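First the structure, in the form of structure tokens, and then the observations on it.
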2 protein chains.
Amino acid sequence: MNPIIHELFQKSRLLSKELNQALKKHDLFAAQWTVIYCIFQHGEMTLTQIWKYLNVEAPTITRTVNRLEQMGWLETREGKDRREKNVRLTERAIVELAEISQTIIQFEDNALKNLTEEEEKLLMNLLKKI
Amino acid sequence: MNPIIHELFQKSRLLSKELNQALKKHDLFAAQWTVIYCIFQHGEMTLTQIWKYLNVEAPTITRTVNRLEQMGWLETREGKDRREKNVRLTERAIVELAEISQTIIQFEDNALKNLTEEEEKLLMNLLKKI
DNA sequence: CTATATTAGTTACCTAAGTAATCATTACCT
DNA sequence: AGGTAATGATTACTTAGGTAACTAATATAG
């Protein structure tokens, strides 16, 4: 049994646990933040664009977007193609984004504090090879 | 936003999806296999030993062990301390372990095929620093 | 133009993991 | 010895992800 994959699973679990903890004060979970940030970067998107970009299955995004909409972070409207659902950030989301970004940066700095810039690049490249 | 953590989450999701696929023919999920392999390595263990070693919370192991017991992979008995629950592999689990190991090795080889031995060591060390 | 295929999204049901609260049992302290 | 604290395990409830099967709308082939 190769320990690398086990280690990768462990770190992934650990980091998402810590990230959830850090995001608690904004009343958000890690996966929810991922969706919000994705839409922030791309502007208005359809559900399909979101799940294809984030590399998850469609039902995952249906659920998360519904939850975020009912929490007031997202608003949706029908697209030109009436099958599509367009999603964008609410005013409130845009306002709070700056603060949340600070939390995220702090979390990332802490999570990667034992890695040099060089090591970060190296790790990124190795992960991409998997 | 630092892309490393995002990448790590992505690969973790992708790998566990693929591992689940590979284990389907043994009627097992990745997390279930992790518990079986853990007990195989350590011999009879208590629930607490398992969840501390695997770095997950207790309820996760309660659930997985219950499921594996009812599927015939594990058997449990009360420990000397009557709070404890000792878990060990069944005969059937020991017999099938060899075959499953083959599946796992094949999966790992495939997952890491783009990495040299050198890169694997490097990746392992970088992950441990997180 | 109509029948069929494809696409976007949803629903139902599953595993995996977490937190918080609870129950039994054992340890410990006075 | 008796009351309190700590420990091992479980239960209830939540998020996050997956698959399979479905509906509604649009594209496409004949």
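Hydrogens, waters and symmetry mates play no part in the numbers below; they use all other heavy atoms, side chains included. Everything quoted here is computed from the prediction, not taken from an experiment. Reminder, nothing fancy here: chain letters follow the sequence lines and each chain counts from 1.
B/F9 meets the side-chain contact (heavy atoms from CB on, under 4.5 Å) test with A/S12, A/L15, A/S16, A/L19, B/I5; sequence neighbours excluded. Applying the side-chain contact (heavy atoms from CB on, under 4.5 Å) criterion to B/R88, with sequence neighbours excluded, gives B/E44, B/E75, B/R77. For A/W73, there are no ring pair (Phe, Tyr, Trp, His ring centres under 6.0 Å) partners, not counting sequence neighbours. B/Q70 meets the side-chain contact (heavy atoms from CB on, under 4.5 Å) test with B/R67; sequence neighbours excluded. The side chain to side chain donor-acceptor pair (under 3.5 Å) search around B/T76 returns B/E69, not counting sequence neighbours.
Atom P of nucleotide C/dG18 and atom CG of A/L28 are separated by 20 Å, given to the nearest angstrom. Going from atom CG of B/D27 over to atom C1' of C/dC14 covers 13 Å, rounded to whole Å.
When DNA chain D is scanned 5' to 3' for any atom under 4.0 Å from a heavy atom of chain B, the first and last hits are D/dA6 to D/dT19.
Mapped onto DNA chain D by nearest heavy atom, A/A30 and A/R82 fall at different nucleotides, with A/A30 at the one closer to the 5' end.
Near DNA chain C, defined here as any heavy-atom distance below 4.0 Å, the residues from residues 10-23 of chain A are A/R13, A/K17, listed numerically.
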Discussion item. Counting primed atoms plus P, OP1 and OP2 as sugar-phosphate and everything else as base, spell out the protein contacts along nucleotides 2-10 of chain C at 4.0 Å heavy-atom distance: B, S or - for each nucleotide, 5' to 3'.
Written reply: -----BSSB

Identify every side-chain donor-acceptor pair in residues 33-40 of chain A under 3.5 Å, counting partners at least two apart or on other chains, and give the distances.
unit_1 : atom_1 : unit_2 : atom_2 : d
A/T34  : OG1    : A/A30  : O      : 3.0

Mind listing the side-chain donor-acceptor pairs of residues 49-61 of chain B below 3.5 Å, one per line with the distance, residues two or more places apart or on another chain?
unit_1 : atom_1 : unit_2 : atom_2 : d
B/Q49  : OE1    : B/T46  : N      : 2.9
B/E57  : OE2    : A/K17  : NZ     : 2.6

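Screening residues 94-109 of chain A for side chain to side chain donor-acceptor pair (under 3.5 Å), with sequence neighbours left out, gives A/H26-A/T103, A/R92-A/E96. Evaluation of the salt bridge (Lys or Arg N to Asp or Glu O under 4.0 Å) test over residues 119-130 of chain A, restricted to residues two or more places apart or in two chains, returns A/E119-B/K129, A/K129-B/E119.
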Worksheet entry | Residues B/Q32, B/T64; criterion side chain to side chain contact (heavy atoms under 4.5 Å, CB included); working and verdict | CA-CA 6 Å; B/Q32 297 172 338; B/T64 304; 4.1 Å; yes

